[in-house]
2 protein chains.
Amino acid sequence: MTIKPVISHSLVRSSDATVANWNERLIIDMVRREGGTTRRYITANTHLSQQSVHRLVDGLVSRNFLHIGDSVINGRGQPSPLININAEAVYGVGVSINTDSVRLSIADLNCQEITNLKVDVDPANRDSALPILRDAIYECLETNDIRKDRVLGVGVAISGYRMGAKDVFVTPEPLETWSNTPLIELFETAFQMPVWVENNATAGAIGESLKGAGFAHSCFAYLSFNSGFGCGVIYEGKPFCGGFNNSGEMGRLYTPDQMLHRPALGELLLRLGKSGIHIESIDKLYTNFNPNWHGVDEWIAEVKPQLNLAIRALRATVDPTAIVFGGEAPPVLKRLLIAACDELDLDRYGREITLPAYIASDLPGDPSTIGAALLPLKDCVLT
Amino acid sequence: MTIKPVISHSLVRSSDATVANWNERLIIDMVRREGGTTRRYITANTHLSQQSVHRLVDGLVSRNFLHIGDSVINGRGQPSPLININAEAVYGVGVSINTDSVRLSIADLNCQEITNLKVDVDPANRDSALPILRDAIYECLETNDIRKDRVLGVGVAISGYRMGAKDVFVTPEPLETWSNTPLIELFETAFQMPVWVENNATAGAIGESLKGAGFAHSCFAYLSFNSGFGCGVIYEGKPFCGGFNNSGEMGRLYTPDQMLHRPALGELLLRLGKSGIHIESIDKLYTNFNPNWHGVDEWIAEVKPQLNLAIRALRATVDPTAIVFGGEAPPVLKRLLIAACDELDLDRYGREITLPAYIASDLPGDPSTIGAALLPLKDCVLT
DNA sequence: TTAATAACCACACTTTGTGTGTAGAAATAA
DNA sequence: TTATTTCTACACACAAAGTGTGGTTATTAA
């Protein structure tokens with residue numbers, strides 16, 4: 001049984017029951033990325049003619065995805081009315097399930113996070129978690145005055161890799177309860193809304209593609225420093241999933257020996273513990289991090305070879321134009337990790353080669369939750 | 001100045017001047033891959049309706065890309081006429097420029113190699129090579145009775161990585177003369193035909209996607225064992241080029257120290273030479289290879305760690321469903337290399353994970369030349 | 001012999017784009 | 001002030017490429 005969209009009829013195209021066709025999505029995403037623009041600009045920057053842009057924008061305005069604002073003067077000629085996103089047109093709900101916490105988030109059509117909260121459930125117990133999560137979602141929508149028929153669906157970010165189907169995961173052991181189950185059916189039944197499921201690193205990458213590095217890069221790798229260490233790849237603006245849908249599963253790069261020294265924050269917590277600094281969760285690390293703590297420099301030195309190996313592997317295979325340092329690492333730590341990267345910008349004949357940009361993600365908090373909330377938007381109305 | 005297609009007007013669609021639109025290409029490629037099929041099969045295996053398939057096939061038959069053959073009976077109902085590829089409809093010409101040889105090849109619409117020959121030119125001297133190559137192409141077309149208006153264009157495979165534009169390469173030093181030049185304009189001017197340019201590993205991968213592993217895999221990595229060691233990635237049936245267009249440039253994976261022990265056949269020739277076995281070219285290695293030669297086992301052991309690192313890097317980032325061992329390595333050597341691959345099929349909790357298939361390519365001779373000849377076909381009429 | 005099935009094909013229709021042409025509004029240049 | 005320019009707005013005819021309906025025909029199973 002597939003859950004049908006619950007969104008308003010006025011938002012759905014009568015012809016094919018989708019929310020927006022590809023050219024409409026191109027226009028919505030262009031308006032969003034530009035933070036408002038004119039029909040003139042859209043005509044100049046798409047393959048569409050003036051007449052087509054006019055008709056498509058008209059339709060999107062009448063279906064309330066876009067607003068017409070004041071006119072702007074661009075030299076001679078009639079001024080262009082500004083076209084703006086109607087941020088309240090549709091929303092995406094995001095849920096991230098991590099080993100130590102479950103978070104909930106709502107994003108509007110502008111990809112702005114409306115709310116982000118920790119849900120007080122035990123992620124290790126599926127049966128008790130699902131109804132609590134469902135209640136939390138509906139309560140959260142009500143609190144924020146969001147009608148249910150404006151919600152495209154729920155994106156779920158979970159750590160682990162896929163096995164067979166696109167929605168069956170093998171999770172880290174603390175999340176064993178979510179393993180080997182078709183998650184879409186599970187969540188759709190629980191939430192009574194359409195559901196998307198994605199690996200947490202890829203969810204972070206999607207968030208970055210819509211709000212951060214994606215403005216300048218259409219092919220980049222997103223390093224996700226969480227309890228573990230993962231990676232999401234964006235190619236041609238879309239998530240790259242590979243053959244078995246496990247692209248970016250960095251554990252497969254390392255030998256068992258190297259695994260112990262990979263840049264996973266869970267390992268950092270252990271090292272800090274040994275130095276007498278006891279941090280109980282990645283959450284707390286984010287808020288309390290001090291780069292002068294005893295053990296930080298040592299850990300950076302310890303993981304540096306594995307971090308550089310990951311970057312070499314990405315450059316050799318994916319060849320991204322940017323590598324984004326994200327996940328739940330504290331901002332200062334991201335900068336320390338970037339500083340630890342070797343800059344191998346010469347080929348074997350000593351000729352210069354272009355390096356990818358190393359970027360510290362500045363999406364706040366847990367990027368996989370906001371990324372999860374953006375999944376429905378990305379899949380229905382954006383590009 | 002862009003060279004216009006020289007193919008017959010009867011093969012080009014009047015509406016948009018392309019050779020075939022996407023649905024037509026889907027059908028042509030399905031007929032090709034099936035080695036002939038019925039409209040019934042096409043209808044069942046595409047998103048197209050019976051009526052649309054009928055209309056599209058009709059158009060392709062009247063434009064001579066397809067032939068209608070005998071009918072086959074499939075149980076009750078009217079028998080279906082067989083639809084076959086007209087192999088002589090269009091052709092692609094391929095040129096590969098390697099450090100030690102220049103090869104020329106012609107492929108028909110069935111992706112069958114019509115001819116493959118070594119061109120007697122010095123690849124190190126561009127100005128003398130171009131006119132000789134042009135003459136060789138036209139002579140070769142004449143010899144094989146192929147009219148010029150059936151040729152889609154020339155694909156060129158060259159070793160090296162891209163710099164900036166998609167047709168500007170930085171080549172290995174022996175091919176310095178082809179470096180830092182927009183190659184499309186260069187070759188189009190010389191050949192007076194449309195030209196495609198591709199890295200030789202990716203050209204091999206494209207060949208494999210049309211004639212070998214591509215029948216079963218839409219995402220695979222193609223390891224190209226040549227004088228150097230490269231890789232081409234196919235994703236969703238198409239070449240994956242990454243952000244800077246240098247996906248698969250495996251040199252970037254290795255440290256300078258590892259580079260000396262990477263699985264490049266040029267290095268094998270050096271090791272064999274030290275053992276008193278003097279092979280003058282990769283060509284000769286292909287025809288005369290003996291796995292019992294002193295030095296072969298030692299070389300396999302020497303490169304094994306770097307080969308496995310490449311595979312780990314590919315599995316972590318691209319996650320292909322197959323890894324094809326190709327390039328100019330002799331068949332026996334490919335099998336030895338496959339045997340040297342560790343099979344890391346357990347995750348860090350000891351759970352089983354699906355391995356990619358390790359496949360020895362059985363395209364004969366130099367795959368990059370045939371791959372080059374397939375470039376125009378892939379880009380104009382196949383998918 | 002007859003019913004069922006599948007292929008074939010004509011036709012009307014829909015969606016989604018294009019190009020042409022016209023009218024009008026507002027800013028700038030002379 | 002007036003003319004020019006630039007851009008919006010909109011009507012209309014048209015084209016490409018798909019769909020659905022329904023009828024005809026060929027073959028097999030009962």
Side-chain angles (χ1 to χ4, degrees), chain A residues 12-28 30-31 34 36-63 65-84 381 383, chain B residues 12-28 30-31 34 36-63 65-84 381 383:
Chain A
V12 176
R13 285 147 38 88
S14 54
S15 58
D16 61 1
T18 60
V19 182
N21 73 9
W22 191 254
N23 286 333
E24 288 170 335
R25 289 166 60 168
L26 271 183
I27 289 176
I28 293 174
M30 181 170 283
V31 175
E34 296 295 322
T37 185
T38 62
R39 281 186 259 241
R40 169 181 158 68
Y41 181 88
I42 298 171
T43 305
N45 290 280
T46 60
H47 61 283
L48 295 161
S49 65
Q50 179 251 323
Q51 296 87 336
S52 299
V53 169
H54 202 85
R55 180 170 43 77
L56 290 167
V57 168
D58 249 24
L60 291 171
V61 167
S62 74
R63 275 155 61 219
F65 285 103
L66 301 178
H67 278 159
I68 303 271
D70 297 334
S71 292
V72 289
I73 291 159
N74 8 260
R76 278 188 183 184
Q78 183 171 334
S80 317
L82 270 179
I83 317 285
N84 295 307
V381 285
T383 60
Chain B
V12 176
R13 286 146 39 88
S14 53
S15 58
D16 62 0
T18 60
V19 182
N21 72 11
W22 191 253
N23 287 333
E24 288 171 335
R25 288 166 61 167
L26 270 183
I27 290 177
I28 293 173
M30 181 169 282
V31 175
E34 296 295 322
T37 187
T38 61
R39 281 184 261 235
R40 170 180 159 68
Y41 181 88
I42 298 171
T43 304
N45 291 279
T46 59
H47 62 282
L48 295 162
S49 65
Q50 176 257 320
Q51 295 86 338
S52 299
V53 170
H54 202 86
R55 180 170 42 79
L56 290 167
V57 168
D58 248 24
L60 291 171
V61 168
S62 75
R63 274 154 64 215
F65 286 104
L66 301 176
H67 278 159
I68 303 272
D70 296 336
S71 291
V72 288
I73 291 160
N74 8 259
R76 277 187 182 183
Q78 183 170 335
S80 318
L82 272 178
I83 316 285
N84 294 307
V381 285
T383 59

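The basis for the numbers below is simple: all heavy atoms, side chains too, and nothing from hydrogens, waters or symmetry mates. Below, read A as the first sequence line, B as the second, and so on, with proteins coming before strands; counting in each chain starts at 1.
For the pair A:Gln50 CD and C:dT20 C1', the computed distance is 12 Å after rounding to whole Å. As rounded to whole Å, 15 Å separates atom P of D:dC7 from atom CD1 of A:Ile42. Look at CG on B:Leu26: it is 14 Å from C1' on D:dA17, rounded to the nearest Å. Whole-Å rounding puts the A:Asp70 CG to D:dT8 P distance at 16 Å. Separating the CD1 atom of A:Ile83 from the C1' atom of D:dT8 is a distance of 10 Å, rounded to the nearest angstrom. To the nearest angstrom, P of D:dC12 lies 16 Å from CZ of A:Arg55.
Neither OP1 nor OP2 of D:dA16 sits under 4.0 Å from any side-chain N or O of B:Asn21. Distances shorter than 4.0 Å separate none of the side-chain N or O atoms of A:Ser80 from OP1 or OP2 on D:dC7. For A:His54, no side-chain nitrogen or oxygen approaches OP1 or OP2 of D:dT8 to under 4.0 Å. Residue B:Ser52 has no polar side-chain atom (N or O) positioned under 4.0 Å from OP1 or OP2 of D:dA17. Dashed line: the shortest gap from a side-chain N or O of B:Arg39 to OP1 or OP2 of C:dC8 is under 4.0 Å.
Considering only the side chain of A:Arg40, D:dC7 comes nearest among D:dC7, D:dC10, C:dA27. Out of C:dA26, D:dT19, C:dC8, the shortest distance to the side chain of B:Pro81 is found at C:dC8.
Screening B:Pro79, B:Ser80, B:Ser71 against B:Thr38 for a side chain to side chain contact (heavy atoms under 4.5 Å, CB included) leaves a single residue, B:Ser80. For the side chain to side chain contact (heavy atoms under 4.5 Å, CB included) with B:Ile83, the lone residue among B:Ile28, B:Val31, B:Leu60 that qualifies is B:Val31. Each of B:Leu26, B:Thr37, B:Leu56 was scored for a side chain to side chain contact (heavy atoms under 4.5 Å, CB included) with B:Ile42, with one residue passing: B:Thr37. The residue from A:Asp58, A:Asn84, A:Val61 that alone fulfils the side chain to side chain contact (heavy atoms under 4.5 Å, CB included) condition with A:Ile68 is A:Val61.
Remark: A:Thr43 OG1 to A:Ile27 CD1 distance equals 8.0 Å, nearest 0.5 Å.
For A:Glu24 against C:dT16, no side-chain N or O and base N or O form a donor-acceptor pair under 3.5 Å.
Residue order along DNA chain D, read from the 5' end via each residue's closest nucleotide, puts B:Leu56 first among B:Gln51 and B:Leu56.
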